[in-house]
Trainee: 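One structure, as structure tokens, below. Some questions next.
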Amino acid sequence: MTYKAPMNNNHLDTRKMNSMKLTPHSIQNRLKRLNIMFFSFILTLGALYSFQIFTFEKKINMMEHFEEFLQDILELRRYEKNMLLHLSSENMQPIFFYIDQIHKDIIPLKGQMQKTSGNAEFNHFKNALKNYTARLRAYRQGLKNESDLLRPYGSQMANYATHLLEIKRNQIKAYVKISLYAFTIIPGLGVIFVMLIIVHQTKNILNRISFLHQATQDVRHGKFTIIEDDASIHDEISDLTQSFNKMVAELDTKTSELIQSGKLAAIGTFSSGIAHELNNPLNNISLSADMLFEEYHDTTEEEAKDILRDILAQTE
């Protein structure tokens with residue numbers, strides 16, 4: 001938006017000064033869009049944080065289930081050791097209890113186990129559990145040589161559960177690291193982007209208002225300057241600019257009329273003063289000439305000369 005030389009009245013009269021309706025580029029709509037963008041960003045960020053916390057909680061819960069799964073296998077191995085060392089004759093029943101518990105653990109964790117370790121390792125673990133159970137039943141039936149085959153399968157199960165838990169912990173560490181970057185850098189960049197848009201829009205509005213401020217200062221000092229606005233921008237300031245230009249044109253016209261009226265008044269006063277100044281000597285000349293005319297025969301030559309000298313003085 002730049003200043004333009006004062007326009008004549010005829011040009012201003014041809015210009016349309018109708019109030020403008022709000023357009024997509026209006027300040028009000030731009031501020032609405034900024035508010036919507038800002039609150040949408042906050043809501044999206046809040047939703048992402050909530051989703052992150054919910055997902056992280058699920059991963060922690062899953063890791064706890066894996067830990068319980070490992071603990072059940074370790075308890076199974078402890079009773080197995082006591083049984084094989086003949087430390088207690090009551091160790092057989094707890095072993096079958098933990099075998100049942102391991103089967104119960106697998107039911108809700110099967111999908112996660114396959115996803116975490118892969119189908120091959122999971123099937124290998126199931127075969128080890130199946131063979132372990134079979135060897136344990138054979139051992140209970142008196143086949144003592146089955147004990148040498150029992151321990152390797154138990155070791156395979158414990159190694160699988162330990163490896164499973166380690167993978168899950170590494171996944172959680174990686175997830176935390178990714179979340180730390182994703183939910184600090186990305187939101188930070190988003191905040192910077194939104195702030196830059198707000199600063200840009202604010203600067204644009206203030207720049208447009210500054211022209212009106214300068215123009216009002218010019219009016220204050222008696223300089224009626226028309227503002228030439230960008231035709232591609234249609235907002236409240238455009239409407240205000242048009243109204244301001246109309247006001248300036250009317251002020252310019254009224255000022256010109258006042259100046260002309262002042263000039264006419266000055267001329268009238270000046271003419272009145274001249275008429276007053278001319279009236280006295282002309283009146284004296286008229287009286288002197290009339291007196292000389294009326295009393296010409298009775299007037300001496302010296303008196304006539306005095307009257308004529310008075311007429312000449314008044315004429316000067």
Trainee: Grouping I, L, V, M, F, W and Y whenever their side-chain heavy atoms are under 4.5 Å apart, do L109 and L164 come out in a common cluster?
Mentor: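 Yes, one cluster joins them.
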
Trainee: How is the hydrophobic cluster of L196 composed, in terms of its other members, when Ile, Leu, Val, Met, Phe, Trp and Tyr link through side-chain heavy atoms under 4.5 Å apart, directly or indirectly?
Mentor: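 So far as hydrophobic clustering goes, L196 is joined with I192.
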
Trainee: Verify the distance criterion only: is there a donor paired with an acceptor across the side chains of Y132 and E80 at less than 3.5 Å?
Mentor: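 Yes.
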
Trainee: Mind checking whether M157 and F96 sit in one hydrophobic cluster, side chains of I, L, V, M, F, W, Y counted as touching below 4.5 Å?
Mentor: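 In one cluster: yes.
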
Trainee: Measuring from T116:OG1 to N170:CG, what's the distance to the nearest 0.5 Å?
Mentor: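 Answer rounded to 0.5 Å: 11.5 Å.
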
Trainee: Going from CD on E121 to CG on N159, what distance comes out if it is rounded to the nearest 0.5 angstrom?
Mentor: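 E121 atom CD to N159 atom CG measures 10.5 Å (nearest 0.5 Å).
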
Trainee: Under the rule for side-chain contact (heavy atoms from CB on, under 4.5 Å), what residues qualify as partners of A158, not counting sequence neighbours?
Mentor: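 With neighbours one apart ignored, the set is I73, R77.
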
Trainee: If you define the side chain from C-beta out and look only at heavy atoms, does anything of K110 sit under 4.5 Å from F122?
Mentor: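 In short, these two side chains touch, coming nearer than 4.5 Å.
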
Trainee: CD1 of I274 to OG1 of T269: how many Å apart, nearest 0.5 Å?
Mentor: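 So the gap between those two atoms works out to 11.0 Å.
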
Trainee: Give the C-alpha distance, both sets of side-chain angles, the deciding distance and a yes or no for side chain to side chain contact (heavy atoms under 4.5 Å, CB included) between E75 and R78.
Mentor: CA-CA 5 Å; E75 285 294 317; R78 185 172 68 86; 2.9 Å; yes

Trainee: Taking all non-hydrogen atoms of both residues, which atom of L136 and which atom of L150 are closest, and how far apart?
Mentor: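 Heavy-atom minimum between the residues: N-CD1, 3.7 Å.
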
Trainee: Could you pull out all donor-acceptor pairs under 3.5 Å where a side-chain atom in residues 36-44 meets a protein atom, sequence neighbours excluded?
Mentor:
from: S40; atom 1: OG; to: I36; atom 2: O; distance (Å): 2.6
from: T44; atom 1: OG1; to: S40; atom 2: O; distance (Å): 2.7

Trainee: Tell me if a side-chain donor or acceptor on S155 pairs with a main-chain N or O of R151 at a distance below 3.5 Å.
Mentor: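 Looks like no, no N/O pair under 3.5 Å.
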
Trainee: Under 4.5 Å between side-chain heavy atoms, hopping through other hydrophobics if needed: is there a path connecting I172 to I178?
Mentor: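 No: no chain of side-chain contacts under 4.5 Å links I172 to I178.
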
Trainee: Could you tell me if the side chain of L180 sits less than 4.5 Å from the side chain of I185, heavy atoms only?
Mentor: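 Of all side-chain heavy-atom pairs linking L180 with I185, none is under 4.5 Å.
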
Trainee: Could you check whether any side-chain heavy atom of H103 comes within less than 4.5 Å of a side-chain heavy atom of I107, counting everything from C-beta outward?
Mentor: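 Sidechains of I107 and H103: no contact.
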
Trainee: Could you go through residues 50-69 and list every donor-acceptor pair under 3.5 Å that involves a side-chain atom there, pairing it with any protein atom two or more places apart or in another chain?
Mentor:
from: S50; atom 1: OG; to: G46; atom 2: O; distance (Å): 2.9
from: Q52; atom 1: NE2; to: S179; atom 2: OG; distance (Å): 3.3
from: T55; atom 1: OG1; to: F51; atom 2: O; distance (Å): 2.8
from: N61; atom 1: ND2; to: E57; atom 2: O; distance (Å): 3.2
from: E67; atom 1: OE2; to: R169; atom 2: NH2; distance (Å): 3.2

Trainee: According to a 4.5 Å side-chain heavy-atom criterion applied to Ile, Leu, Val, Met, Phe, Trp and Tyr, with indirect links allowed, do F97 and L76 form part of one hydrophobic cluster?
Mentor: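 Yes, F97 and L76 fall within the same hydrophobic cluster.
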
Trainee: Linking Ile, Leu, Val, Met, Phe, Trp and Tyr through side-chain heavy atoms less than 4.5 Å apart, which residues share a cluster with L264?
Mentor: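 None, because no other hydrophobic side chain comes under 4.5 Å of this residue.
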
Trainee: Tell me, please, which residues at least two apart from K104 pass side-chain contact (heavy atoms from CB on, under 4.5 Å).
Mentor: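 Result, side-chain contact (heavy atoms from CB on, under 4.5 Å) vs K104: Q101.
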
Trainee: Please test R135 against Y153 for side chain to side chain contact (heavy atoms under 4.5 Å, CB included), starting from the C-alpha separation and ending with a verdict.
Mentor: CA-CA 9 Å; R135 300 298 178 187; Y153 292 123; 4.0 Å; yes

Trainee: What's the spacing between F125 CZ and N127 CG if we round to 0.5 Å?
Mentor: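 So the CZ of F125 and the CG of N127 are separated by 10.5 Å.
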
Trainee: Could I get the full list of side chain to side chain donor-acceptor pair (under 3.5 Å) partners for S117, not counting sequence neighbours?
Mentor: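 Residues passing side chain to side chain donor-acceptor pair (under 3.5 Å) with S117: Y160.
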
Trainee: Going by side-chain contact (heavy atoms from CB on, under 4.5 Å), name the residues that satisfy it together with Q71, two or more places apart in sequence or in a different chain.
Mentor: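 By the side-chain contact (heavy atoms from CB on, under 4.5 Å) rule, Q71 matches L74.
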
Trainee: Please list, chain by chain and in numerical order, all residues satisfying side chain to side chain donor-acceptor pair (under 3.5 Å) with D105, sequence neighbours excluded.
Mentor: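 Listed in chain order: nothing, the list is empty.
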
Trainee: Going by the rule side chain to side chain donor-acceptor pair (under 3.5 Å), which residues pair with Q112 if we only count those two or more places apart in sequence or in a different chain?
Mentor: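 For Q112 the side chain to side chain donor-acceptor pair (under 3.5 Å) partners, ignoring immediate neighbours, are K168.
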
